[in-house]
Structures are given as structure tokens and as C-alpha cells.
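Here's the structure, in C-alpha cells; my notes come after.
Note that the numbering runs from 1 along the sequence shown for the chain. Atoms within each ligand, like the ligands themselves, are counted from 1 in listed order. Any value given below was found using the heavy atoms of this structure, including those in side chains, with hydrogens, waters and symmetry copies removed. Since the model is a prediction, treat every value here as computed from it, not as a measurement.
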Amino acid sequence: MSGPSAPRARRALDEIPVYRPGKAALTEDHKLSSNENPYPPLRGVMERASAELGRINRYPDAGMTALYDALSKRLGLPPDHFAAGTGSVAVLFALLNAHLETGDEIVYAWRSFEAYPIAADLTGATTVRVPLRSDATHDLPAMAAAVTDRTKVVLVCTPNNPTGTVVSAVDLHAFLATVPSHVLVVVDEAYVEFVRDPAAASGLAALADHPNVVVLRTFSKAYGLAGLRVGYAIARPETAASIRKATPPFSVTDLSQAAAVASLEAEEALQARVEAIVQERLSMVAALRGQGWDVPDTEANFVWLPLGDDALDFAVACDPVSVRPFAGDGVRISVGAPEVNAELIALAGAWRRTHRA
Ligand SMILES: *Cc1c(COP(=O)(O)O)cnc(C)c1O
């Protein structure tokens with residue numbers, strides 16, 4: 001090789017894809033590709049956030065005192081059980097950085113959340129992916145069997161992005177009884193507010209019995225604050241402290257903290273919206289199943305169509321509605337505003353008539 005040498009990033013980055021933004025939708029309402037909340041922010045939440053604009057010359061409260069106090073009050077755990085960051089994805093990055101290094105192993109289901117491979121690969125640890133079962137649920141017995149002496153972390157996504165399926169309380173309990181107590185079990189509950197299945201697992205209940213559990217939650221989905229970037233972990237104080245240490249200081253702005261606290265106070269209004277989204281989800285699933293689609297049971301704000309090799313073609317056929325295809329696997333469709341959901345259902349019906357007749 002000739003020429004001057006150039007700086008080179010760590011090898012772990014070679015496998016990580018560069019982020020490519022999805023195709024722009026016709027209108028924001030037509031964007032059913034990011035599991036966003038279709039409702040505009042509550043006026044009271046906007047007012048509390050706007051009030052912070054007058055003091056953006058100041059650094060935010062790095063201790064996130066008001067946010068931790070509000071979470072403490074809401075969830076009934078001391079403030080030292082929380083660690084917040086710029087979205088629960090950032091919290092996951094900090095958590096994995098704090099707990100994994102080269103030579104360690106991390107186990108997660110696949111297909112699951114697209115951010116997992118990135119967060120895991122950046123640490124240099126080795127990934128063990130356990131395929132979902134045929135009903136698109138986590139195969140927890142197989143995941144337990146995949147745990148070795150080197151395993152430090154297991155990720156459990158419930159409801160699972162992108163399939164919407166939940167892990168049952170019984171299955172999670174059995175899993176936690178098998179996994180050694182030094183293995184961190186991360187229960188990613190980004191969509192927990194949309195769960196209506198009484199048999200579904202609760203990360204908080206699991207944490208009460210197993211201190212090696214970490215629960216991840218976010219204000220991005222049910223609370224409708226995706227643009228402000230606030231998520232948090234609930235964990236035993238030692239684990240929460242390790243996440244806080246690995247998180248860049250001052251990352252969550254006071255504007256975001258204020259909006260998050262205001263959202264916790266406006267829970268009733270937000271829950272009404274969540275319930276409306278759940279009702280829309282139920283009618284979307286019923287309509288799609290009525291067209292003959294094999295839709296897994298979803299407890300999230302999205303539905304999964306297992307289209308296999310047709311995933312990309314279907315996504316193109318959904319134009320002008322933007323959906324999220326995963327090549328060779330399926331398509332994830334967020335529950336949006338009722339008119340757009342109706343548009344999508346009509347497109348899905350037309351597709352079935354021409355492709356599966
Ligand atoms: C959306 C999502 C998150 C949270 O995203 P943030 O906006 O970073 O809080 C976490 N996990 C899963 C599985 C998600 O789908």
C-alpha cells in the first residue's frame with residue numbers, strides 16, 4: 001500500500017451498517033414506519049417544555065433530579081433505581097458499554113429491534129442470536145440454553161419489535177429461574193403501555209424478584225415524545241449507577257426533562273390516546289386477518305406481516321403510505337391515524353387480491 005496512512009476506526013465497526021433514512025412519506029400522517037404516536041403533543045406538555053426555552057443558555061440538570069423524583073413517585077421505587085438518557089436506545093448503549101467487552105457474549109432473539117446489533121457490536125462482544133418461534137414469539141428455553149460461561153447480557157424485547165408479540169409472565173419467570181444471577185437480563189418494554197394481554201410478563205414484577213433484571217422504558221412511543229429523546233432504565237441501584245457512569249453528562253436537556261415530567265403528570269390524557277391506538281390496532285388486525293393475512297398477536301402500536309421475500313415489493317406497493325420492510329422477512333406497519341390505517345388496509349387488500357389469489 002502506498003500513500004499516507006489514515007486513522008482507522010475499531011474493527012467492530014466494520015460490520016455495523018451506516019444509517020440510511022427511510023423514504024419520505026407523502027405527509028407525516030402517512031409515515032407508518034417508525035412506530036410514532038400519531039397524536040400531536042398535549043398543550044400542557046408543550047407549554048412546560050417551551051418555558052425551558054428562555055434558559056437554554058444554562059446546562060441542564062445533570063442529576064435529572066425532577067425526572068427521577070417523578071419516576072420514583074409514579075413507579076414506587078427509590079430514585080437511585082433509575083438511569084435516564086437520550087432515548088432508551090442511548091440507555092441501552094450505555095448499559096452494554098458498561099457491561100460488555102471483547103470475549104463476552106450477549107444473547108438476543110432474532111428478528112428483534114434493529115438497534116440491538118449496533119449497540120452489541122460496538123462493545124466488541126460476541127452476539128448469539130436465537131431465532132423467534134414460528135408464531136414470532138421469543139424462544140426463551142432456547143435463549144436460556146444459549147447462555148454460556150461467557151454470557152453477560154440477555155436482551156428480551158416484549159412486546160417484540162417488529163413482530164409485536166409478548167413474552168408471557170410464566171415463560172419469563174421460568175427463564176429467570178434458569179439463567180445465572182450474574183447474567184444481566186434486559187427487558188425492553190418500549191411498548192408496555194399498549195399491552196392488554198393479562199398473561200404478559202411485567203419487567204417490574206420480574207425486577208422485584210430478580211435483581212439481575214433491567215427494565216428499559218421510553219417516552220418516545222406511548223407518551224409521544226420521540227423528538228425529545230428521553231428513555232430510562234429501572235434497575236437495582238448498582239446497575240443504575242453503572243449506566244449513569246457510562247452516559248455522557250448533560251445529555252438529556254431540561255426541555256426534554258420538563259416535557260417528560262409534565263407527561264407523567266398528564267398520564268390520564270395520554271392513557272386515553274393510548275387506549276384509542278389499542279382500539280385501532282384491534283380493528284387493523286381484524287381487518288387484515290379478514291383479508292387472509294397471517295398476523296401474529298400484537299400487543300404494541302404496530303402490526304407485522306410475515307411477507308418473506310415479498311417484503312420489499314409490498315412496501316413499494318404501499319405508496320404513498322410509508323411502512324417498514326425487512327428484506328426476506330416481513331413488513332412492520334405502525335398504527336397511525338384512522339384515515340391512514342384505512343388507506344393501508346385498502347392497499348393491503350389490493351395486494352392480496354393480485355398476489356395471493
Ligand atoms: C422505539 C424503541 C425503543 C426506544 O427508542 P428511544 O426513542 O430511543 O427511546 C427501545 N426499544 C425498542 C424495541 C423500540 O422499538
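Within the listing of ligand 1, atoms 5 (O), 8 (O) sit less than 4.0 angstrom from a heavy atom of Val89. Residue-ligand proximity, Ser88 to ligand 1, at heavy-atom distances under 4.0 Å covers atoms 3 (C), 4 (C), 5 (O), 6 (P), 8 (O), 9 (O), 10 (C). Heavy-atom contacts of Cys157 reach the following atoms of ligand 1: 13 (C) (cutoff under 4.0 Å).
Heavy-atom separations between Ala190 and ligand 1 include at least one value shorter than 4.0 Å. Not a single heavy atom of Asn35 sits closer than 4.0 Å to an atom of ligand 1. Residue contacts with ligand 1 leave out Phe219, since none of its heavy atoms falls under 4.0 Å from the ligand.
The protein atom (non-hydrogen) at minimum distance from atom 8 (O) of ligand 1 is Arg229 NH2, 2.8 Å. Of the protein's non-hydrogen atoms, Tyr191 OH, 2.6 Å is the one closest to atom 15 (O) of ligand 1. The closest protein non-hydrogen atom to atom 11 (N) of ligand 1 is Asp188 OD2, 2.7 Å.
No N or O atom of Thr86 sits closer than 3.5 Å to an N or O atom of ligand 1. Considering backbone and side-chain N/O of Ser220, one or more are found under 3.5 Å from N/O of ligand 1.
Taking 4.5 Å as the limit, every side-chain heavy atom of Thr247 sits out of range of all side-chain heavy atoms of Arg244.
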Criterion salt bridge (charged side-chain N to carboxylate O under 4.0 Å, His left out) on Glu265 and Arg48, from CA distance to verdict: CA-CA 11 Å; Glu265 289 167 13; Arg48 291 271 285 279; 3.1 Å; yes
Arg150 and Asp104: CA distance, side-chain angles, deciding distance, salt bridge (charged side-chain N to carboxylate O under 4.0 Å, His left out) verdict: CA-CA 5 Å; Arg150 297 185 160 197; Asp104 295 338; over 6 Å; no
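Using modelled atom types, no side-chain atom of Thr151 and backbone atom of Val153 make a donor-acceptor pair closer than 3.5 Å. Remark: side-chain polar atoms of Asp80 are not paired, donor with acceptor, to backbone N or O of Ala240 under 3.5 angstrom.
Note on Arg281 versus Glu299: salt bridge recorded, some NZ/NE/NH1/NH2 to OD/OE distance being below 4.0 Å.
When Glu114, Arg217, Glu189, Lys221 are ranked by how near their heavy atoms come to atom 2 (C) of ligand 1, first place goes to Lys221.
Side-chain atoms of Thr137 and Asp135 form a donor-acceptor pair, as typed in the model, at a separation below 3.5 Å. Side chains of His99 and Ser242: a donor on one and an acceptor on the other come within 3.5 Å.
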